[in-house]
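Note on naming: letters A, B, ... go to the chains in the order of the sequence lines (proteins, then strands), and numbering restarts at 1 for each one. Computed from a prediction, not measured in an experiment: that's the story for all the values here.
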2 protein chains.
Amino acid sequence: MLNQLNILLREENLRVTPQREAILKVLYDCRGHHLETENIYELLAARSEKGKKIGLATVYRTMELFEKIGLVSRLSMENLPARYELILQTKLIHHHLICLKCGCVQEIDDKLAEDFKNRIIDQTGFEVKDKSMKIYGYCSRCREQVKNKR
Amino acid sequence: MLNQLNILLREENLRVTPQREAILKVLYDCRGHHLETENIYELLAARSEKGKKIGLATVYRTMELFEKIGLVSRLSMENLPARYELILQTKLIHHHLICLKCGCVQEIDDKLAEDFKNRIIDQTGFEVKDKSMKIYGYCSRCREQVKNKR
DNA sequence: GATTTAAATGATAATGATTATCAATATGAA
DNA sequence: TTCATATTGATAATCATTATCATTTAAATC
Ligand SMILES: [Mn+2]
Ligand SMILES: [Mn+2]
Ligand SMILES: [Zn+2]
Ligand SMILES: [Zn+2]
């Protein structure tokens, strides 16, 4: 994994730094989750020795870089901070469902999404961008809670 | 139309002001479009007599109010200013396709959206919120332009 | 029409996520 | 080790939006 980072960076004449390695490790340890830049910053701070924190600006810059070289997928959100997830070879790029109550993010089934995307382009000529579907609503867990309160 | 404004405002002990009327007129004249607050502000400025501009803060506040009383639909956008459209009795609340090239906004066919929404809830229990689908990509016009350039 | 009071307005400050700036530091090739 | 330049960290700037607050106004009451 750090290996892959090395390769990708060298390809573009970029340098391997402790900051970039540390950020990648955090992303790897949180694989499957969708992290805000701030989360990553805090996790890094928790891991670092006294007084040697990685700057927040560096985290922002690194996420931008990691997206450019194809290591992470950025998930822009309406009114909320963007989130990032490590791109895994075992899982395709996908679209998301975002709960307005608890903030959880789940993935939309690939076949379902693909089918919808095809219908849209057939009907309107509009080409849906990869992973650009972010659909807001209420997850099953939050809906249950509402039901139980009654 | 101004009539309806009157009724809605009185229902909640709110006041009918020239600013609110002027903003509603702009929205009505632009019905079918999706306007940024800034657009509304500029259109108002163009209509107003010398030196009697409506404040930008008032436009923001009024859009918030109009949404609360159900006159307009707010369309939050990723990384872009929100847009508003007057709710028309002749057209249902709908979801949107947003072009990343030209910024145009078009509506998703109701049946298509409804079907997708049902599939999602059946499969995951996730309840899609009204008008919360904002799908980013490239409109047919922009795609044509790219093709023609080659 | 004059009085009264809460609502509304306009100017401006504050906010929060993100990007830009820039001097100081560190990487990696020579 | 030297050196060019990529990177970092601190901080300022940006931009849409919201909050603040003194001043003005709608509209109910007299
Ligand atoms: Mn994901
Ligand atoms: Mn619309
Ligand atoms: Zn939830
Ligand atoms: Zn377009």
Side-chain angles (χ1 to χ4, degrees), chain A residues 2 5-24 34-42 44-45 48-69 71-72 74-84 98 103 134, chain B residues 2 5-24 34-42 44-45 48-69 71-72 74-84 98 103 134:
Chain A
L2 292 179
L5 178 62
N6 251 276
I7 295 167
L8 290 170
L9 291 177
R10 291 199 175 159
E11 271 177 12
E12 315 222 19
N13 260 62
L14 300 169
R15 293 175 182 174
V16 179
T17 67
Q19 290 89 340
R20 288 173 180 172
E21 293 185 332
I23 291 171
L24 182 57
H34 303 82
L35 301 178
E36 298 180 9
T37 307
E38 190 68 30
N39 295 332
I40 299 166
Y41 174 71
E42 284 163 8
L44 288 166
S48 75
E49 300 151 47
K50 62 281 164 191
K52 285 183 184 173
K53 287 181 195 165
I54 293 176
L56 182 55
T58 299
V59 183
Y60 272 102
R61 273 187 301 240
T62 303
M63 297 319 295
E64 195 185 350
L65 172 68
F66 280 7
E67 196 195 15
K68 189 159 38 182
I69 65 180
L71 273 181
V72 305
R74 176 192 167 116
L75 199 37
S76 296
M77 309 275 271
E78 289 174 9
N79 311 320
L80 294 170
R83 295 178 175 217
Y84 293 91
I98 298 148
K134 264 144 287 178
Chain B
L2 291 180
L5 179 63
N6 251 276
I7 295 166
L8 290 171
L9 291 178
R10 291 202 173 157
E11 269 176 13
E12 315 222 18
N13 261 59
L14 300 170
R15 294 178 181 172
V16 178
T17 67
Q19 289 89 339
R20 288 173 179 171
E21 292 185 332
I23 291 171
L24 183 57
H34 304 83
L35 301 178
E36 298 180 8
T37 308
E38 190 68 30
N39 296 332
I40 299 166
Y41 174 70
E42 283 162 9
L44 288 166
S48 74
E49 299 151 49
K50 62 283 165 189
K52 286 182 184 173
K53 288 180 194 167
I54 293 175
L56 182 56
T58 299
V59 183
Y60 272 102
R61 273 187 302 239
T62 303
M63 297 319 295
E64 195 184 350
L65 173 68
F66 280 7
E67 197 195 14
K68 190 160 36 186
I69 63 178
L71 272 180
V72 306
R74 177 193 165 113
L75 199 35
S76 295
M77 310 275 271
E78 290 175 7
N79 311 319
L80 294 170
R83 294 177 175 221
Y84 293 91
I98 298 148
K134 265 143 285 178

Trainee: Closer to the 5' end of DNA chain D via nearest nucleotide, is it B/V16 or B/R74?
Mentor: B/R74
Trainee: Please check the phosphate of D/dT18 (OP1 and OP2 only) for any side-chain N or O of B/Y60 closer than 4.0 Å.
Mentor: no
Trainee: 5'-most contact on DNA chain C: B/K53 or A/T37, nearest heavy atom basis?
Mentor: B/K53
Trainee: With heavy atoms under 4.0 Å as the rule, sort B/L80 into base, sugar-phosphate or nothing.
Mentor: nothing
Trainee: Please state how far atom CD in A/E38 lies from atom P in C/dT18, giving the value in whole angstrom units.
Mentor: 9 Å
Trainee: What's the closest nucleotide to the B/L14 side chain, out of D/dG9, C/dG10, C/dA8?
Mentor: C/dA8
Trainee: Would you mind reading off the distance between A/M63 atom CE and D/dT8 atom C1', rounded to a whole angstrom?
Mentor: 17 Å
Trainee: Please report the shortest heavy-atom distance between A/Y84 and A/T37, naming the atom on each side.
Mentor: CE1-OG1, 3.7 Å
Trainee: What I want to find out is whether A/K68 reaches A/E12 closely enough, with some N-O distance under 4.0 Å, to be called a salt bridge.
Mentor: no
Trainee: Taking the side chain as everything from C-beta on, heavy atoms only, tell me whether B/R83 gets closer than 4.5 Å to B/N39.
Mentor: no
Trainee: Counting any heavy atom closer than 4.0 Å, what does A/Q19 reach on the DNA or RNA strands: base, sugar-phosphate only, or nothing?
Mentor: sugar-phosphate
Trainee: List the atom of B/E21, the atom of B/N6, and the distance in Å for their closest heavy-atom pair.
Mentor: OE2-ND2, 4.5 Å
Trainee: Taking any heavy-atom pair under 4.0 Å as a contact, classify B/L56: base, sugar-phosphate, or nothing.
Mentor: nothing
Trainee: Rounding to an integer number of Å, can you tell me how far B/L9 CG sits from C/dA6 C1'?
Mentor: 15 Å
Trainee: Just how far, in rounded Å, is C1' of D/dT8 from NZ of A/K52?
Mentor: 15 Å
Trainee: Is the base of D/dT5 touched by the side chain of A/R15 through a donor-acceptor pair closer than 3.5 angstrom?
Mentor: yes
Trainee: For the pair made of CG in A/L24 and P in D/dT7, what is the distance, rounded to whole Å?
Mentor: 15 Å
Trainee: From C/dG10, D/dA27, D/dT17, pick the nucleotide closest to the side chain of B/R61?
Mentor: C/dG10
Trainee: When only distance counts, do a donor and an acceptor, one from the side chain of A/R10 and one from the base of C/dG28, lie under 3.5 Å apart?
Mentor: no
Trainee: How many Å lie between CD on B/E36 and P on D/dC15, as a whole number?
Mentor: 13 Å
Trainee: Tell me whether the OP1 or OP2 atom of C/dT9 has a side-chain N or O from B/T17 closer than 4.0 Å.
Mentor: yes
Trainee: Just verifying a value: how many Å separate A/T62 OG1 and A/I23 CD1, rounded to the nearest 0.5 Å?
Mentor: 3.5 Å
Trainee: Whole-Å distance between D/dA26 P and B/E21 CD?
Mentor: 10 Å
Trainee: Would you indicate what A/R20 reaches in the nucleic acid, counting non-hydrogen atoms under 4.0 angstrom: base, sugar-phosphate, or nothing?
Mentor: sugar-phosphate
Trainee: Consider the side chain of B/P18, meaning its heavy atoms from C-beta on, and name the nucleotide among D/dA26, C/dT27, C/dT18 that approaches it most closely.
Mentor: D/dA26
Trainee: Taking atom C1' of D/dA16 as reference, at what distance in whole Å does atom OH of B/Y84 sit?
Mentor: 11 Å
Trainee: Are A/R20 and A/L14 side-chain neighbours, meaning at least one heavy-atom pair lies under 4.5 Å?
Mentor: yes
